[in-house]
Amino acid sequence: MNQVTERLNLYFKLIRLDKPIGILLLLWPTLTALWIAADGKPSWQHLLIFCLGTTLMRSAGCAINDYADRDFDKHVKRTAERPLTSGKIRAWEALMVAGVLALISFLLILPFNTLTKQLSVLALIVAGSYPYFKRFFAIPQAYLGIAFGFGIPMGFAAVTNAIPSQAWWLLIANVFWAIAYDTEYAMVDRDDDLKIGIKTSAITFGQWDVFAIMASYTVTLTVILWSGWDLGLRWPFVAGILVAAAIAIYHYQLIKSRDRDLCFAAFRHNNWLGAAIFAGVVLDYAVR
């Protein structure tokens, strides 16, 4: 029994269930899209399925990422002791875990329309290919933003069987948000990534990293504000955007010194930025 428990604990760490920040960074944009698509009244079935699916796909993505980066992570201090990198589990186990989680996630959306199912296949392809973009793409965080934001068009598709232009604008905003928070994350590992040849936005932006992060936050909030206003969202929504802007300014205070621990703290704090935007949307519909 102890061996089984230990094995399950390793799988638990492989898919980062001990670090739920990644799930939340996917979940807030997805829930926001569901709320808008359903005019503030999403069904509990949609909420349950998308919450579970987001958790499963993020977990599968972590397993795929560790499989792809198993020969790189051993050279990075922060990732050297991950279960796969340290040799505590094997490569085929990581692929097996990712496959099972992806299959369960797909089974969850079987009741949905064809468009949603088609988008789920694209989402899986994007999530599975993301780790390899770090080999050649100068700003892989932009591609991550697409992967982390696929719940947006899927949410609209599941509710309306269509993907309006606002969904694509919200996805674009999510790309810039991912560039902001994952550059903060990449600043933690920049020295190690330079040694092993991994490409990240923190390396690409160089001395302009802090400026690029704040510019990305600005684009994110501007696009979301414009999209929400175009959809008829008003002052409660705007209040949420203002809170999110204040949080972004706080992040500037954390990252301006480029201290590793403070950059990581800023990355983790993005949970509250996403929550503020979502809360503004929910409140706006609630007071109508």
Side-chain angles (χ1 to χ4, degrees), residues 15-17 19-62 100-124 126-127 145-171 173-174 177-178 181 220 224 227-228 231-234 236-237 239-241 243-244 270-288:
I15 60 178
R16 313 281 203 283
L17 288 182
K19 299 176 181 178
I21 178 62
I23 295 173
L24 294 170
L25 292 176
L26 273 80
L27 197 56
W28 294 130
T30 301
L31 291 176
T32 298
L34 279 174
W35 235 265
I36 293 173
D39 290 324
K41 297 178 181 178
S43 69
W44 69 266
Q45 293 96 333
H46 280 113
L47 291 174
L48 178 61
I49 289 173
F50 271 89
C51 285
L52 289 174
T54 296
T55 301
L56 291 169
M57 283 308 300
R58 185 263 181 173
S59 299
C62 289
V100 170
L101 294 176
L103 177 60
I104 296 173
S105 182
F106 182 76
L107 293 176
L108 283 174
I109 65 167
L110 286 181
F112 291 161
N113 54 54
T114 300
L115 178 59
T116 307
K117 295 172 187 174
Q118 291 172 337
L119 288 172
S120 73
V121 174
L122 286 176
L124 179 61
V126 173
I146 298 174
F148 271 32
F150 237 95
I152 296 171
M154 286 184 65
F156 277 92
V159 175
T160 67
N161 197 27
I163 310 174
S165 60
Q166 290 89 349
W168 297 118
W169 281 112
L170 290 174
L171 180 59
N174 198 75
W177 186 33
Y181 65 66
T220 298
I224 294 175
S227 299
L231 287 164
L233 301 177
R234 290 299 181 259
F237 164 70
I241 295 294
V243 172
N270 274 274
N271 164 51
W272 298 108
L273 191 149
I277 296 171
F278 173 63
V281 170
V282 172
L283 183 60
D284 196 289
Y285 283 107
V287 299
R288 292 184 179 187

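- Counting heavy atoms from C-beta on, the side chains of Trp177 and Asn270 come closer than 4.5 Å.
- Exactly one residue among Leu231, Ile224, Leu283 makes a side-chain contact (heavy atoms from CB on, under 4.5 Å) with Phe237. That residue is Ile224.
- When every heavy atom of Gly53 is checked against every heavy atom of Ser105, the shortest pair comes out as O-OG, 3.7 Å.
- Between Leu273 and Thr220, every side-chain heavy-atom pair lies at or beyond the 4.5 Å cut-off.
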task: Just do the side-chain contact (heavy atoms from CB on, under 4.5 Å) check on Trp28 and Asn271 with the steps written out, would you?
output: CA-CA 8 Å; Trp28 294 130; Asn271 164 51; 2.7 Å; yes
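- A search for ring-ring contact (aromatic ring centres under 6.0 Å, His included) contacts involving Phe112 returns His46, Phe50, not counting sequence neighbours.
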- request: Check the pair Val243, Trp272 against side-chain contact (heavy atoms from CB on, under 4.5 Å), reporting the backbone distance first and the verdict last.
  value: CA-CA 9 Å; Val243 172; Trp272 298 108; over 6 Å; no
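- Considering only heavy atoms from C-beta on, Leu124 comes within 4.5 Å of Met57 through its side chain.
- You'll find the side chain of Phe106 stays beyond 4.5 Å of the side chain of Leu56, heavy atoms only.
- Counting heavy atoms from C-beta on, the side chains of Ile23 and Leu17 come closer than 4.5 Å.
- The distance from atom CG of Leu119 to atom CG of Leu115, rounded to the nearest 0.5 Å, is 4.5 Å.
- Ala102 and Ala60 get closest at one heavy-atom pair: N-CB, 4.3 Å.
- Between Ile241 and Ile277 the shortest side-chain heavy-atom distance falls below 4.5 Å.
- Residues Ser227 and Leu233 have side chains not in contact (no heavy-atom distance under 4.5 Å, counting atoms from C-beta outward).
- Closest approach of Leu171 to Gly145, counting heavy atoms only: CD1-O, 4.2 Å.
- Nearest heavy-atom pair, Gly151 versus Ala33, reported as atom, atom and distance to 0.1 Å: O-CB, 4.5 Å.
- Sorted by first then second residue, the side-chain hydrogen bond (donor to acceptor under 3.5 Å, both in side chains) pairs that include residues 52-61, not counting sequence neighbours, number zero.
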Side-chain polar contacts of residues 154-168 - donor-acceptor pairs under 3.5 angstrom, sequence neighbours left out - could you list them?
from: Thr160; atom 1: OG1; to: Phe156; atom 2: O; distance (Å): 2.7
from: Thr160; atom 1: OG1; to: Ala162; atom 2: N; distance (Å): 3.3
from: Thr160; atom 1: OG1; to: Ala162; atom 2: O; distance (Å): 3.1
from: Asn161; atom 1: OD1; to: Asn113; atom 2: ND2; distance (Å): 3.4
from: Gln166; atom 1: NE2; to: Asp230; atom 2: OD2; distance (Å): 3.4

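- Distance check: Asn174 CG to Ile152 CD1 gives 4.5 Å after rounding to the nearest 0.5 Å.
- Shortest non-hydrogen contact noted between Arg288 and Gly232 is NH2-O, 3.2 Å.
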